[in-house]
Protein chains: 2
Amino acid sequence: MKMPLAKSEKPASTRDRILDTAEEVFMALGYEGASMRLITGDAGVNLAAVNYHFGGKEALFHAVLRRRLDGLNQERLRVLDELEIKANGAPLKASQIVDAFFGTLLRMANKHGKGGQTFLRLIGRTQTEPGEFIRTVLAEEFADVLERYKQALFRALPDVPKEEIVWRFHFMLGATSYAIAGTDTLRLVTDWETGEPDNDIEQLLPRLMSFLLGGLRAPLPEPSRKTPPQRRKKS
Amino acid sequence: MKMPLAKSEKPASTRDRILDTAEEVFMALGYEGASMRLITGDAGVNLAAVNYHFGGKEALFHAVLRRRLDGLNQERLRVLDELEIKANGAPLKASQIVDAFFGTLLRMANKHGKGGQTFLRLIGRTQTEPGEFIRTVLAEEFADVLERYKQALFRALPDVPKEEIVWRFHFMLGATSYAIAGTDTLRLVTDWETGEPDNDIEQLLPRLMSFLLGGLRAPLPEPSRKTPPQRRKKS
DNA sequence: GGAAAAATAAAACGAACGTTTGAATGATAA
DNA sequence: TTATCATTCAAACGTTCGTTTTATTTTTCC
């Protein structure tokens, strides 16, 4: 029988076991580095199961990303909606927007426990993965959310040129992605005799927030050139 | 004959052709994604040449990184020395330090023309590569420089707790690495009807600088907890 | 010149990859 | 029960991987 399963039971269907394991393995080894034999082996399922349930390695990766990104981005939109309703037409504060975007990410990751943090590091990694289709997946997944938040920031910071805001959004994504993906280089910078990065998220969030907001609201670079370079003809 | 070759000639020894090509291919496909057959093929040399001249794929990657990283980090140390001599014992300004570290990176990359920018994106990529040895290489290569700059920042910002500076250094690395590695996500954020990212570096530097300094000097996060969590026992 | 060393070339190695196949097994419904 | 469907499984497919081997060519040095 295909019982819906009361909430906390865990026979863990083959499909779900693959997803969970794949998430971890992709995170640890990257897309290219993770082999289907390793994933299916760790998950305790047959090698062919991935192709049966998902259609292939790419599709599996796609599914892994989607499973959590959907929830995350829905939540991001929900929080933004809520803020805008409360504001009743007035522009939001930049700090609210930044928190709604990046704070939601970190808090959701923390909520799901180990799995959430694994995923957090995965998408940090994924941002710089070279594969063509990976970037496509991310682009599709993020397009709506980014647009909404971009617009919100435009309204929140009317004095900052839109182009500059876009750049700074990009920088914020980088700082966050990096802060999440690897404690690698940080471990190199500091002496680390304090805790493991596992529950560092609670420490990380306020620190990251201060940094991001400081950068976002920084004084503009001196406009060294009047014209925003010469506009190039569209190819 | 093994003539030293007047400066601008370019028979390009097998070794150098491999290095140049490998740099591009690694950048485009990542370490795992780049195959020796592709590299040697593009370089127009025999497949076995890499193993002959470098010893293997890992050693080749190592050599690619070292070739430019050595110069970069030497220059970074030189610039910092120069600043500190001029300051005559007084602490430097944070903006000077940030420019010496990140500005030097971007300027050097710009100097070497196409090759430099390729390399810039490569190290941006490399920061999140999963392979074990890759992180080792980067750690060795950067250790000295990071330590020097860290100390300089400590002196420049005596009011900011050292721990906080380390974190923010990490965030700055992330923002920069990301800004460099992929215009990928940015291309997704903006509408891009302006120029290609090729010569964007001149635009990028002042923008990035403002952002980094804004973040670095941002007001501290409220110390929500007095004790810096409880110190965990060292395992 | 010719011997020694360095460099290039072609071919093959074994291992690992993602995917496919076809039979065995389990559950579902008439 | 029997027919039907979905799932699991072991085995093999054909490629591609990094590396090694063997032979040939080129350079270096006496």
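A note on names: the letters A, B, ... follow the listed sequences, proteins ahead of strands, and every chain is numbered from 1.
Interface residues of residues 49-60 of chain B facing DNA chain D, ordered by number: Asn51(B), Gly56(B), Lys57(B); criterion, heavy-atom separation under 4.0 Å.
Atom CD1 of Ile18(A) is separated from atom CG of Asp42(A) by 12.0 Å, given to the nearest 0.5 angstrom. Met172(A) contributes atom CE, which lies 9.5 Å from atom CZ of Arg168(A) (distance to the nearest 0.5 angstrom). In this structure, OG1 in Thr21(A) is found 9.5 Å from CD in Glu23(A), a value given to the nearest 0.5 Å.
When the side-chain nitrogen and oxygen atoms of Thr14(A) are compared with OP1 and OP2 of dT8(D), one or more of them lie within a distance under 4.0 Å. OP1 or OP2 of dC17(C) lies within a sub-4.0 Å distance of a side-chain N or O belonging to Ser35(A).
Of all heavy-atom pairs spanning Val50(A) and Gly56(A), the tightest one is CG1-O, 3.9 Å.
In this entry the distance linking CZ of Arg37(A) with C1' of dA15(C) reads 10 Å, nearest Å. Whole-Å rounding puts the Phe61(A) CZ to dC17(C) P distance at 17 Å. A straight line from CG of Asn46(A) to C1' of dT8(D) spans 6 Å, rounded to a whole angstrom. Summarising the geometry, the separation between CZ on Arg15(B) and P on dT8(C) is reported as 12 Å, rounded to the nearest angstrom. One interatomic measurement links the two molecules: CE of Met36(B) to P of dA10(C), which rounds to 17 Å at whole-angstrom precision. In this structure, Leu47(A) places its CG atom 8 Å from C1' of dT19(C), rounding to the nearest Å.
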For a quick test of your reading: what N or O donor-acceptor pairs under 3.5 Å do the side chains of residues 72-81 of chain A make, sequence neighbours left out?
| from | atom 1 | to | atom 2 | distance (Å) |
| --- | --- | --- | --- | --- |
| Asn73(A) | OD1 | Arg76(A) | NH1 | 3.1 |
| Asn73(A) | ND2 | Glu141(A) | O | 3.2 |
| Glu75(A) | OE1 | Arg78(A) | NE | 3.1 |
| Glu75(A) | OE2 | Arg78(A) | NH2 | 3.0 |
| Arg76(A) | NE | Phe101(A) | O | 3.0 |
| Arg76(A) | NH2 | Phe101(A) | O | 3.3 |
| Arg78(A) | NH1 | Glu82(A) | OE1 | 2.9 |
| Asp81(A) | OD1 | Arg148(A) | NH1 | 3.2 |
| Asp81(A) | OD1 | Arg148(A) | NH2 | 3.0 |

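Contact annotation: the side chain of Lys57(B) approaches that of Phe26(B) to within less than 4.5 Å [non-hydrogen atoms, C-beta and beyond].
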